[in-house]
**Q** 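Please find one structure pasted underneath; my questions will follow.
Convention: sequence-line order gives letters A, B, ...; per-chain numbering from 1.
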Amino acid sequence: MPELPEVETVRRGLARWVTGRQIDTVEVLHPRAVRRHVAGAADFAAALPGRTVTDVHRRGKYLWLALDSDDAVIGHLGMSGQMLLTDASVPPGPHLRVRFTFTDGGPELRFVDQRTFGGLSLSPGGALLPPEIAHIAPDPFDPGYDPEFVVTALRKRRTGVKRALLDQTLISGVGNIYADESLWRAKLHGARASTELTRPGARRLLGHVTDVMAEALGHGGTSFDALYVNVNGESGYFDRSLAVYGREGLPCKRCGTPIRRESFMNRSSYSCPRCQPRPRRPSP
DNA sequence: CGCAGGCCCTGGTAGC
DNA sequence: TGCTACCAGGGCCTGC
């Protein structure tokens, strides 16, 4: 499940292998992959040939290819999306959704997505920051990220801390995995009311968010020698060292208490019952 | 306006 | 063995 570190790893791979190349052809193999492009798949495919990729940017879990036309191709990986750079001779897999070829005849770019939660769209004039994702807050690695502003906003939210962390309009890039990891480091249960956070407490939590994602990025962003941009941990180079996520019943790495799993927002939350006690009056 | 919950997808796996 | 049920979950949308 790609969160910020995974998307940033993909961005770096794309920046290295696609920047400066001119698009030759675009083929949409599954309309759902471009459902955010209102004008439709044919329009998407027709608009891109001849354009050159000038840069690759990211905000939170979104990334976009900036084009020499000042437009942008926005991409979101969803849960299972991958950007693969593949020689044209490699036969397409079953989940190939969109294929880009380039005029240099080099490796093609394939958007592969099993569960089709991800997708691509064309953003007119969006090269610098697509208006479609202007509502997404800066992530901790964005020059525009202001932790004191987020501290203030977080403490104003009348909701649970975890729900607030997952709100991409407050701080972006945080998903279920890194939210749980950050809360474990901060010794906070996700159902704690965000209004109860002190300013220093909120600062500490946000510091953990930044740290845990920076560490994951350090683990994942190193091996880009191959012409292969992957977002799935399955490929091996994504060696996340997780303290709580997915560790139900295993000992807490701090106190040894078995990690618990709770259902929250129709997904799983992992925490240590001892380090992260449930609040008396839980917030959603 | 702020917040909460439903829905979209499909491969893998557990259970019967 | 073959079926069903459930799980993974980010972001958009709707309704309160």
**Q** Using a 4.0 Å heavy-atom cut-off, does Phe264(A) contact any base of the nucleic acid, only the sugar-phosphate backbone, or nothing at all?
**A** nothing
**Q** When the distance from CD of Glu6(A) to C1' of dG10(C) is rounded to whole Å, what number comes out?
**A** 13 Å
**Q** For the pair made of CG in Leu77(A) and P in dA8(C), what is the distance, rounded to whole Å?
**A** 20 Å
**Q** Return the polar atom pairs (N/O with N/O) between nucleotides 14-16 of chain C and the protein under 3.5 Å, or none.
**A**
none

**Q** Tell me the interatomic distance from His135(A), atom NE2, to dG10(C), atom P, rounded to whole angstroms.
**A** 15 Å
**Q** Are OP1 or OP2 of dG11(C) and a side-chain N or O of His76(A) less than 4.0 angstrom apart?
**A** yes
**Q** Which atoms of nucleotides 4-7 of chain C (N or O only) lie under 3.5 Å from a protein N or O atom, and what are those distances?
**A**
none

**Q** State the OG1-CZ distance between Thr195(A) and Arg158(A), to the nearest 0.5 angstrom.
**A** 6.0 Å
**Q** Looking at Val244(A), is its backbone amide N or carbonyl O close enough to the side chain of Lys253(A) to form a donor-acceptor pair, meaning the two atoms are under 3.5 Å apart?
**A** no
**Q** Whole-Å distance between dG10(C) C1' and Arg58(A) CZ?
**A** 16 Å
**Q** Between Asp24(A) and Thr101(A), is there a donor-acceptor pair closer than 3.5 Å when you use the side chain of the first and the backbone of the second?
**A** no
**Q** If you compare every side-chain N and O of Tyr178(A) against the phosphate oxygens of dG10(C) (OP1, OP2), does one of them come in below 4.0 Å?
**A** no
**Q** Sorted by first residue and then second, give each salt bridge (charged side-chain N to carboxylate O under 4.0 Å, His left out) pair with at least one member in residues 25-42 of chain A; sequence neighbours left out.
**A** Glu27(A)-Arg99(A)
**Q** Using a strict threshold of under 4.0 Å (side-chain N to carboxylate O), is an ion pair present between Arg199(A) and Glu148(A)?
**A** yes
**Q** Between Asp139(A) and Arg58(A), does any NZ, NE, NH1 or NH2 come within less than 4.0 Å of an OD or OE carboxylate oxygen?
**A** yes
**Q** SG of Cys252(A) to CH2 of Trp184(A): how many Å apart, nearest 0.5 Å?
**A** 5.5 Å
**Q** Atom CE of Met83(A) and atom CZ of Arg110(A): how far apart are they, to the nearest 0.5 Å?
**A** 14.0 Å
**Q** Could you tell me whether the side chains of Ser271(A) and Gln276(A) share a donor-acceptor contact shorter than 3.5 Å?
**A** no
**Q** Could you tell me the separation between the CZ atom of Phe117(A) and the NE2 atom of His76(A), rounded to the nearest 0.5 Å?
**A** 11.5 Å
**Q** Taking atom CG of Leu250(A) as the centre, does the number of heavy atoms from other residues, nucleotides or ligands within less than 6.0 Å exceed 12?
**A** yes
**Q** How would you summarise protein contacts on nucleotides 2-12 of chain B per nucleotide, using B for base, S for sugar-phosphate only and - for none, with heavy-atom distances below 4.0 Å?
**A** -SSS--BBBS-
**Q** Does this structure show an ion pair linking Asp104(A) with Arg21(A), if we count only N-O contacts that are shorter than 4.0 Å?
**A** yes
**Q** Measure the distance from CD on Glu132(A) to C1' on dC13(C) and round it to the nearest whole Å.
**A** 17 Å
**Q** Take the protein atom NE2 of His37(A) and the nucleotide atom C1' of dC12(C), then report the distance between them rounded to whole Å.
**A** 18 Å
**Q** Pairs in or reaching into residues 173-190 of chain A: which pass salt bridge (charged side-chain N to carboxylate O under 4.0 Å, His left out), with residues at least two apart or in two chains?
**A** Lys162(A)-Asp180(A), Arg185(A)-Glu215(A)
**Q** Angle between the end axes of the helix from dG2(B)-dC16(C) to dC16(B)-dG2(C), five pairs per end, to the nearest 10 degrees?
**A** 50°
**Q** For Ser269(A) and Phe264(A), which heavy atoms make the closest approach, and how far apart are they?
**A** OG-CB, 3.5 Å
**Q** Just the rounded figure in Å: distance from P of dG11(C) to CZ of Arg59(A).
**A** 13 Å
